[in-house]
There are 2 protein chains.
Amino acid sequence: MEPARGGMPCGADWQSQLNRAVIVLYADCEVYYDGRASSRANRAWRLIIIKPDGSLLIHTSEGYQPLNWQPPGSRVTILQSQQGGLELVAIRRRPREMVRIRIYEVEWACWGGLPSEGRFELRGTHDDLKLYIANNIGKYLPGGRVIGIEYEVPGFGIADIIATTPPDGAKWVIEVKRQCADLQAISQLKRYTEALKAKGLLVAPCFTSGARELARKYGFKLVEEAPPPS
Amino acid sequence: MEPARGGMPCGADWQSQLNRAVIVLYADCEVYYDGRASSRANRAWRLIIIKPDGSLLIHTSEGYQPLNWQPPGSRVTILQSQQGGLELVAIRRRPREMVRIRIYEVEWACWGGLPSEGRFELRGTHDDLKLYIANNIGKYLPGGRVIGIEYEVPGFGIADIIATTPPDGAKWVIEVKRQCADLQAISQLKRYTEALKAKGLLVAPCFTSGARELARKYGFKLVEEAPPPS
DNA sequence: TCCTGGATTTCGACG
DNA sequence: CGTCGAAGTCCAGGA
């Protein structure tokens, strides 16, 4: 095993970094969670990440998702038991939830302040597609005119786009999905069209077979359209 | 800065651990993502986690969610450029997506094999609540009898529970939510009840105001019930 | 493989 | 703070 480099911010002093740096522990531990649900994880080696914003993540060797976690805003505390045993407790209010980690051994602990956050830009989102459609409404509803975006239908939710088409000024509800539209998307559109007595148009890059079938029953128009290149 | 402990699996040799151990890097880097959407993250210090199952996580100092990621099954490779620059590339098929990390500096790198996974039990889930209701149907629909669980309504989806009640054998669709039911839950139930010409019962620990209102319009019965204690 | 719906979903926006 | 709907959602289960 290669020796650690000098000056590496790793060691036994990780506890002093709580609420200051991102701390990463490689530890043999048990994990308890109680709140909206509850879970128990038997003793095993896991990766524990504690962020200064109160986020807590417990990762195993598999998967995108953590085994247990606590979102930002949690209060993270370290408890020392008599036998040198360590406990990490993260508590969150609203909903009242607790993650408790019984630590048997820490093989290594490292941390870093992550001083600069950098800029982050994401493109190809639902908003991008929605605005593109609103700005090119004629492509989807010939002669159409946009009446509203994020249009609130009181008691029924918020429709992506409302438009009218000639010659009779028919009203349309347009629901936009950036991924394949499914039954749920159809139901959502149905809710708005029923409330507004409007026609329905669903724009998505693809549609599940069930969505296509149900859309036909409801008389919805479907248009395949992927998020615009950016 | 406290010196690292001897024998700690940290050091420059982390690349040899690819696909074998969980690797954690504290690195100054830029991140590029292209796939269903695309993103660019400017140069900054971040936490990079590479799992042997092909998962890749890039975390900042804030938040539960990673800045960028790749789910399990991705192919992770390390590229060396001439100037000693390092690039981490994770590619996924279906959907075709790529995360590329340009690494300028690695302050520390540690890893662990996470040999034993341990047992994990979660209680208080949707399934738990659903089965509890099915097994105590009389509490929700007096005299009721369960006809089916996870009952497929062809072309309309899968209903949680189907039941009948005396004296006329009225058919009910029961939708179960383990969290506060919202408009979407109402729409989902509406979809099933319309298809089956059945009555609707929604069981959830709470309901949003909009959900309550819409349920009344649709004539649905609402029952407040939290997941059972376990 | 696709389809469907849950998740301790988390997250952001708006009223 | 509640309500609403998206997310690069991920994930499991069934056909």
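Quick caveat: nothing in here was measured; it's all calculated off a predicted structure. Below, chains carry the letters A, B, ... as their sequence lines are ordered, and counting in each starts from 1.
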Protein-to-nucleotide contact annotation, 5' to 3' order, nucleotides 9-15 of chain D [B base; S sugar-phosphate only; - none; under 4.0 Å, heavy atom]: BBS----

Atom-to-atom span, [atom1] of [X] to [atom2] of [N] - whole angstrom:
| X | N | atom1 | atom2 | result |
| --- | --- | --- | --- | --- |
| Asp160(B) | dT4(C) | CG | P | 15 Å |
| Arg212(A) | dC2(C) | CZ | C1' | 13 Å |
| Glu175(B) | dT4(C) | CD | P | 15 Å |
| Leu129(B) | dT8(C) | CG | C1' | 14 Å |
| Leu189(B) | dG6(C) | CG | C1' | 16 Å |
| Arg123(A) | dA6(D) | CZ | P | 22 Å |
| Phe207(B) | dC4(D) | CZ | C1' | 17 Å |
| Asp34(B) | dG8(D) | CG | P | 14 Å |

Polar side-chain atom of Asp160(A) near backbone of Lys130(A) as donor-acceptor pair, under 3.5 Å: no

Asp28(A)/Arg43(A) salt bridge by N-O under 4.0 Å criterion: yes

Salt-bridge criterion met for Lys139(A) and Glu225(A) (N-O under 4.0 Å): yes

Residue pair Ser187(A) / Arg191(B), side-chain donor-acceptor N/O under 3.5 Å: yes

How would you label the contact of [X] with the nucleic acid (heavy atoms, under 4.0 Å): base, sugar-phosphate, or nothing?
| X | value |
| --- | --- |
| Ser209(A) | sugar-phosphate |
| Gly157(B) | sugar-phosphate |
| Arg191(A) | sugar-phosphate |
| Glu213(A) | nothing |
| Gly35(B) | nothing |
| Gln70(B) | base |
| Tyr192(B) | sugar-phosphate |
| Glu150(B) | nothing |

Heavy-atom pair with the smallest gap, counting every atom of Leu129(B) and Arg178(B): CD2-CA, 4.0 Å

Nearest-nucleotide pick for Leu183(B), side chain only, options being dA6(D), dC2(C), dC4(D): dC4(D)

Closest nucleotide among dT8(C), dT3(D), dT4(C) to the Thr208(B) side chain: dT3(D)

Distance under 6.0 Å and angle within 45° of ring axis: Arg100(B) vs Tyr32(B): yes

Residue that, paired with Tyr33(B), satisfies side-chain contact (heavy atoms from CB on, under 4.5 Å) out of Asn68(B), Ile58(B), Ile101(B), Leu67(B): Asn68(B)

Ring geometry between Tyr26(A) and Trp45(A) (parallel below 30°, tilted from 30 to 60°, perpendicular above 60°): parallel

Base dG6(C) paired with Asp127(B) side chain (donor-acceptor, <3.5 Å): no

Cys180(B) vs Phe120(A), nearer the 5' end of DNA chain D by closest nucleotide: Cys180(B)

5′-ward residue of the pair Leu122(A)/Gly210(B) relative to DNA chain D: Gly210(B)

Pro66(A) or Gly155(B), whichever maps to the more 5' nucleotide of DNA chain C: Gly155(B)

Of Ala37(A) and Ala211(A), the one whose closest DNA chain C nucleotide lies more 5': Ala211(A)

Cys206(B)/Cys180(B) sulfur atoms closer than 2.5 Å: yes

Separation of the P atoms in dG8(D) and dT4(C), to the nearest angstrom: 23 Å

Pairwise P distance, dT8(C) and dG5(D) [rounded to whole Å]: 22 Å

side-chain N/O Gln184(B) vs dA6(D) OP1/OP2, d < 4.0 Å: no

